[in-house]
A.B. asks: 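Dropping the structure in here first, questions after.
Keep in mind that what you see is a predicted model, and the values were worked out from it rather than measured. Below, read A as the first sequence line, B as the second, and so on, with proteins coming before strands; counting in each chain starts at 1. Hydrogens, waters and symmetry mates play no part in the numbers below; they use all other heavy atoms, side chains included.
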Amino acid sequence: MRHWLFKSEPDVFGIDHLAACPDGTDSWDGIRNYQARNFMRDDMKVGDRGFFYHSNTKVPGIVGTVEIVREAYPDHTALDPTSNYFDPKAKPDVPRWVMVDVAFRSRYAEVIPLAILRETKGLEAMPLVQKGSRLSINPVSKAEWKIIEKLATVA
DNA sequence: GCCAACGTTGGC
DNA sequence: GCCAACGTTGGC
């Protein structure tokens with residue numbers, strides 16, 4: 001089992017949106033970055049766990065956890081001209097983009113701020129804490145996962 | 001709102 | 001295949 005980190009803007013789709021979905025489950029659509037797509041397509045398996053990270057907000061940080069409940073399949077929003085995520089280069093026979101389904105698992109009582117993650121020993125190698133990191137899906141090592149879970153207080 | 005860093009596009 | 005221009009991300 002692997003671990004991941006999913007970034008999302010809470011104003012667009014935050015952890016509360018996910019928790020409110022039927023079964024707390026929704027598709028992680030709209031990924032339009034090849035590296036992030038490849039992680040989903042090639043490496044994510046059902047049962048993998050992930051942190052939910054809020055970006056582009058007052059206090060960016062980790063707010064809870066999710067679990068992968070469906071492996072990669074075509075992201076249909078790329079084919080929908082009315083979608084924000086429409087990609088004219090995507091075709092039904094060549095989907096170009098994929099998504100996975102994730103299920104809400106926990107919400108932390110308090111956000112674990114990026115500033116704290118930066119200060120925490122053992123997390124120096126995380127892409128998230130690197131300057132200029134924009135990758136929306138990051139792999140997380142088992143050791144990093146444990147360190148971060150210890151920082152968390154589950155609501 | 002600013003702006004640095006990044007990924008993608010497209011002309012050549 | 002290079003690389004400048006562009007649009008986007010995301011912390012601050």
A.B. asks: Checking A:H17 now: which residues fulfil ring-ring contact (aromatic ring centres under 6.0 Å, His included) with it, not counting sequence neighbours?
C.D. replies: A:F13
A.B. asks: Salt bridge (charged side-chain N to carboxylate O under 4.0 Å, His left out) with A:E67: which residues, sequence neighbours excluded?
C.D. replies: A:R105
A.B. asks: Could you pull out all residues at least two apart from A:D43 that satisfy side-chain hydrogen bond (donor to acceptor under 3.5 Å, both in side chains)?
C.D. replies: none
A.B. asks: I'd like to check the side-chain contact (heavy atoms from CB on, under 4.5 Å) partners of A:L123; sequence neighbours left out, ordered by chain and number.
C.D. replies: A:L117, A:T120, A:M126, A:E144, A:I147, A:I148
A.B. asks: Could you tell me which residues satisfy side-chain contact (heavy atoms from CB on, under 4.5 Å) with A:R96, sequence neighbours excluded, listed by chain and number?
C.D. replies: A:Y34, A:D87, A:K89, A:A90
A.B. asks: Taking only residues two or more places apart in sequence, or in another chain, which ones meet A:P113 in a side-chain contact (heavy atoms from CB on, under 4.5 Å)?
C.D. replies: A:V59, A:I116
A.B. asks: Name all pairs fulfilling the salt bridge (charged side-chain N to carboxylate O under 4.0 Å, His left out) condition that reach into residues 71-86 of chain A, sequence neighbours left out, sorted by first residue then second.
C.D. replies: A:R32-A:D75
A.B. asks: Treat a base pair as Watson-Crick or G-U wobble with both distances under 3.5 Å, then lay out DNA chain C in dot-bracket form, 5' to 3', with | for cross-strand pairs.
C.D. replies: ||||||||||||
A.B. asks: Looking at residues at least two apart in the chain, or sitting in another chain, which of them share a ring-ring contact (aromatic ring centres under 6.0 Å, His included) with A:W4?
C.D. replies: A:F39
A.B. asks: Hey, what are the protein-to-nucleotides 9-12 of chain C N/O distances that come in under 3.5 Å?
C.D. replies:
residue	atom	partner	partner atom	Å
C:dT9	O4'	A:R134	NE	3.4
C:dT9	O4'	A:R134	NH2	3.3
C:dG10	OP1	A:K7	NZ	3.0
C:dG10	OP1	A:R134	O	2.9
C:dG11	OP1	A:Y53	OH	2.6
C:dG11	OP2	A:N56	N	3.0

A.B. asks: If you restrict it to nitrogen or oxygen atoms, what contacts under 3.5 Å exist between nucleotides 1-5 of chain C and the protein, and what is each distance?
C.D. replies:
none

A.B. asks: Could you pull out all residues at least two apart from A:P95 that satisfy side-chain contact (heavy atoms from CB on, under 4.5 Å)?
C.D. replies: A:P74
A.B. asks: Hey, quick one: are A:L79 and A:M99 part of the same hydrophobic cluster, counting side-chain heavy atoms closer than 4.5 Å, chains of contacts allowed?
C.D. replies: no
